[in-house]
Amino acid sequence: MSACATARATDPTRTKNIHQSPSPPPPPNGRFRIAGADLSASIAVFLIALPLSLGIALATGAPLQAGLVAAAVGGLVAGRLGGSPLQVSGPAAGLTVVTADLIHRYGWRTTCAITVLAGVAQLGLGCLRVARTALAVSPAIVHGMLAGIGVTIAVAQLHIVLGGTPESSVLDNLRALPAQVAGPHPAAVSVGVLTLTLLLLWPRVPGRAGRLLRTVPAALVAVAGATAVASLTGLTVPRVELPSWSSHALAGLPEGPVLGIAAAVLTTTLVCSVQSLLGAVAVDKLVSARPGLTTRVGRSDLDRELLGQGTANVVSGALGGLPVAGVAVRSSANVNAGAVSRNSTLLHGVLVVAAALLMVPLLELIPLAALAALVMSVGIQMVSLHHIRTVTRHREVLVYVVTTLGVVLFGVLQGVILGVAVAVAVAMHRLARTRITHEEREGAHHIHVRGQLTFLAVPRLSRALHLVPHGTRAVVRLDGSFMDHAAYESLQDWQKTHTAQGGTVELTDRRTGVRDSAQDDGSRPAEGITTPNGTDTSTGPETDADTTSHAGTTAPARPTTPGPDAAPNTPPTACRCRPWTPWRNHHCAHPPSARPTTHPAATGTATGTGTGAGTDAGAETTDTPTDPTAPSTPTTHTPTTPTTPAAPTTPRSPTSEPSSVQQLARGISAFQRDTAPLVRGELARLAREGQRPSQLFLTCADSRLVTSMITSSGPGDLFVVRNVGNLVPPPGRESGDDSVAAAIEYAVEVLKVRSITVCGHSGCGAMQALLSSEPGGARTPLTRWLRHGRPSVARMADEGRPWARLSGRAPADAVEQLCLTNVVQQLEHLRAHESVARALRDGALELHGMYFHVGEAQAYLLAGAGGSEVFDHVEAAERPR
């Protein structure tokens with residue numbers, strides 16, 4: 001069983017969580033209902049899809065009905081079966097070049113058969129559940145492929161806009177372009193220019209009228225406007241011709257060389273699949289920007305999406321339609337129009353079918369030059385400046401350029417293969433390109449390694465290291481981010497040998513400049529370098545995520561301590577703890593001889609951190625796991641050296657550790673250096689706007705409860721009130737101390753918080769004191785305060801009340817039982833406060849109970865109501881992709 005999992009016994013009496021999914025309940029009686037948002041979104045998508053489908057069919061040289069068939073099938077089949085509910089599928093501009101080449105080589109009926117076979121291949125890939133493998137393709141290759149396709153489309157459609165006929169290849173089109181420009185067709189040019197002008201200006205209409213007009217898609221306005229002008233002025237231009245559906249050509253048996261057909265199927269499958277899967281990921285990003293929609297729609301199932309796209313291609317090809325893929329333009333329009341389910345995609349398909357059957361006379365009025373201009377603009381937009389800047393920033397321009405030129409000059413499949421080859425070559429070059437220099441200055445030998453340390457660089461690294469004379473000081477600077485096992489062992493072996501011969505070695509990296517001295521052992525890897533086990537040994541300032549130390553993730557480095565042979569008067573190593581790493585209360589600053597063997601403050605952290613951070617060879621102590629629910633039991637540190645027994649109680653030496661003032665100043669200095677630059681902007685905003693917390697969090701003063709961490713809250717999110725035992729004295733019972741009541745009133749009346757959470761925790765010392773206290777004992781300030789917890793003890797002893805409990809298991813002991821009962825009781829005290837009661841009646845406030853088990857690092861929420869007091873286990877949510 002995973003060490004991170006919480007052990008829970010099966011409890012047949014466990015009550016269900018009252019926190020239900022925010023998704024709406026299914027309609028009664030199984031009736032099909034359509035949300036108004038889906039209806040309006042389907043109309044918007046239909047108005048975009050209709051002219052684009054005709055234009056793409058025109059650009060490929062296929063029958064114009066084929067574009068309508070593909071749009072209808074993409075909406076009805078892929079929309080119903082696909083794994084991305086809000087992605088709209090249909091004939092895509094990215095498939096134009098591929099389909100045009102297939103029609104030119106094999107004819108239309110064979111192209112339909114290839115589409116069917118490509119759909120079958122997609123079904124096979126979907127069944128193998130390899131959809132996410134397609135996302136491993138370098139973005140530079142994908143962007144380059146789309147750019148190459150866009151250039152090919154734009155050059156070909158420019159001929160139609162000028163009144164001519166495009167050639168079969170880009171080079172032929174470029175050679176014929178000067179003659180076409182010299183003798184243009186004025187009517188076609190006028191229609192094309194009008195279409196492009198409307199496409200450019202319509203989204204930029206200013207004012208309130210512009211906001212209303214922009215609800216109509218620019219593509220529809222451009223084509224409709226050009227059609228109206230051409231019809232009213234009587235321009236003689238070629239127009240759309242839709243032959244009778246009775247003569248529509250369906251798929252036939254593939255005719256041609258087997259290898260050529262197989263390559264065509266592979267190309268169609270590749271382009272359709274990659275474009276659809278990348279489109280699904282893009283739709284997820286659009287959906288995540290609408291939090292209310294995320295809980296209703298959910299993330300895309302990429303394997304199901306591949307199955308849906310494959311089925312759609314089989315149906316489209318069989319019915320004589322173009323290949324189908326997810327389309328970014330229509331999908332983004334669907335999300336932005338407010339769609340909430342796949343019904344919008346289905347309705348868009350129904351509207352396309354209706355238009356194909358009932359609007360033929362209107363469609364035949366559209367000039368071909370208008371459709372060509374529309375598709376040409378789409379092709380130009382596929383060469384994205386944003387993508388070019390992105391690949392430039394990541395030093396992948398060569399991959400992008402080679403892929404683009406390959407697609408333009410040789411074809412899509414050939415261009416992608418060239419891009420993949422160049423991407424692999426660039427990656428290998430980066431991995432193998434390592435510069436190692438050696439120089440002597442300031443009495444030390446400096447070895448500077450620039451690049452990644454792999455087995456290929458081991459010979460050069462070994463030569464440079466052996467230039468360092470015995471017994472001298474060496475400084476090794478590693479500027480890479482990766483070190484494989486061969487390089488790691490080579491560096492480690494040399495380090496051990498050099499230090500054994502009286503020399504010293506300091507390892508440093510470019511990120512932090514923090515040096516790691518090694519004199520007595522050489523087992524510590526370089527700072528900031530990823531070692532073969534996947535952990536990062538950096539000690540520079542990081543974020544809160546540095547508390548995680550799983551394989552393959554960044555883990556905080558434990559501070560080094562003097563070796564066992566260090567002299568007693570050796571000054572302690574400077575503390576290099578980072579903001580979320582001082583789990584041992586900065587004990588890294590204390591030499592082993594002066595470190596106490598017992599400290600109650602560390603109770604409960606052994607389980608959470610004993611396996612969290614990697615151990616260093618120089619670290620002398622280990623943690624003995626203890627019961628985290630027993631706050632009075634100290635965590636014992638025992639030396640790893642068996643010949644050095646631990647003294648029962650070793651007092652701290654005042655000369656060997658910094659004072660509390662020094663510790664405070666050092667911590668503040670670390671904050672100013674590492675954390676303040678990261679949060680200064682956010683704190684400045686909070687200073688300007690004032691505090692606006694959403695929750696009042698009332699919890700115990702226990703030092704192990706880090707409220708912002710366990711609730712993943714940032715500055716200004718929580719209004720925190722802490723006291724011994726997370727107690728809420730009833731109104732009028734505080735005997736002159738109104739601090740808690742004042743905080744509650746301020747939070748509810750002034751800050752207008754929406755929820756109040758009372759949080760208890762395991763191993764609470766206040767609850768233990770309540771259980772062990774004697775009636776009539778000494779009246780100290782602590783006992784006077786703890787009397788507000790007496791009702792919790794009485795509640796637990798009342799046999800007529802159900803016990804508060806954890807879902808799946810009984811409380812571990814009486815202390816844990818009282819901790820749970822106390823949360824429930826303090827919620828009752830909270831409801832007695834007038835400001836809270838009034839806010840609850842108005843529906844402006846919610847109350848929550850929470851229990852945090854320190855040793856398990858597990859949170860529980862009070863889910864019971866009406867006499868059932870159950871704290872339900874909070875599951876770990878999936879990380880957003």
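Since we're looking at a predicted model, the values are computed, not measured. Positions are given from 1, in the same order as the sequence printed here.
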Legend entry - Heavy-atom side-chain contact between T699 and H761 under 4.5 Å: no
Inset, instruction - Answer yes or no: is there a donor N or O on one side and an acceptor on the other, between the side chain of Q695 and the main chain of S755, under 3.5 Å? - result: no
Legend entry - Pair E682 + R685, salt bridge at N-O below 4.0 Å: yes
Legend entry - Neighbour count >12 (heavy atoms, 6.0 Å) for atom CZ, R838: yes
Inset, instruction - For residues T345 and P85, report the shortest heavy-atom separation together with the two atoms involved. - result: OG1-O, 3.6 Å
Inset, instruction - Nearest 0.5 Å please: distance from the CZ atom of R795 over to the OG1 atom of T821. - result: 7.5 Å
Inset, instruction - Mind listing the closest non-hydrogen atom pair of L81 and R304 along with its distance? - result: O-NE, 3.0 Å
Legend entry - Pairwise side-chain contact, M796 with Q817, heavy-atom cut-off 4.5 Å (strictly under): yes
Legend entry - For the student: nearest non-hydrogen atoms of H829 and H788, plus distance: CE1-O, 3.8 Å
Inset, instruction - Might you point out which heavy atoms bring V824 and A804 nearest each other, and give the distance in Å? - result: CG2-CB, 4.1 Å
Inset, instruction - Run the numbers on S713 and T707 for side chain to side chain contact (heavy atoms under 4.5 Å, CB included), then give the verdict. - result: CA-CA 8 Å; S713 303; T707 56; over 6 Å; no
Inset, instruction - Identify the two heavy atoms, one from A766 and one from L786, that lie closest to each other, and give their separation to 0.1 Å. - result: CB-CD2, 3.8 Å
Legend entry - Atom pair CD (E869) and CD (Q825), whose distance is rounded to the nearest 0.5 Å: 9.0 Å
Inset, instruction - Please work out whether the ring planes of Y851 and F871 are parallel, tilted or perpendicular, with thresholds of 30° and 60°. - result: perpendicular
Inset, instruction - Kindly say whether V340 contributes a backbone atom to a donor-acceptor pair with the side chain of D38 at under 3.5 angstrom? - result: yes
Inset, instruction - Hey, could you give me the CG/CD distance between D284 and Q87, rounded to the nearest 0.5 Å? - result: 9.0 Å
Inset, instruction - Without swapping roles, check the side chain of H833 against the backbone of V836 for a donor-acceptor pair under 3.5 Å. - result: no
Inset, instruction - Evaluate whether atom CD of E834 has more than 12 neighbouring non-hydrogen atoms of other residues, nucleotides or ligands under 6.0 angstrom away. - result: no
Inset, instruction - Nearest 0.5 Å please: distance from the CG atom of L39 over to the OG atom of S344. - result: 10.0 Å
Legend entry - Interatomic distance, L845 atom CG to I756 atom CD1 [nearest 0.5 angstrom]: 4.5 Å
Inset, instruction - Measure the CZ-CG distance between R692 and D717 for me, rounded to the nearest 0.5 Å. - result: 13.0 Å
Inset, instruction - Locate the shortest heavy-atom distance separating V728 from V740; write the atom from each residue and the value. - result: CA-CG1, 4.4 Å
Inset, instruction - Would you mind reporting whether S792 and L770 have side-chain heavy atoms less than 4.5 Å apart? - result: no
Inset, instruction - Ignoring hydrogens and angles, state whether a donor on the side chain of R790 or S773 is under 3.5 Å from an acceptor on the partner side chain. - result: yes
Inset, instruction - Take M850 and F697 through the side chain to side chain contact (heavy atoms under 4.5 Å, CB included) test and state the conclusion after the steps. - result: CA-CA 10 Å; M850 177 178 169; F697 202 85; 3.9 Å; yes
Legend entry - Validation row: T711, T757 side chains within 4.5 angstrom (heavy atoms): no
Legend entry - From CA spacing to verdict: side chain to side chain contact (heavy atoms under 4.5 Å, CB included), E816, L806: CA-CA 10 Å; E816 185 170 61; L806 300 175; 4.0 Å; yes
Please tabulate, one pair per line, all N/O donor-acceptor pairs under 3.5 Å involving side-chain atoms of residues 719-726, not counting sequence neighbours.
unit_1, atom_1, unit_2, atom_2, d
R722, NE, C700, O, 3.1
R722, NH1, L705, O, 3.1
R722, NH2, C700, O, 3.2
R722, NH2, D702, O, 2.7
R722, NH2, L705, O, 2.8
N723, OD1, N726, N, 3.1
N723, OD1, L727, N, 2.8
N723, ND2, L727, O, 3.0

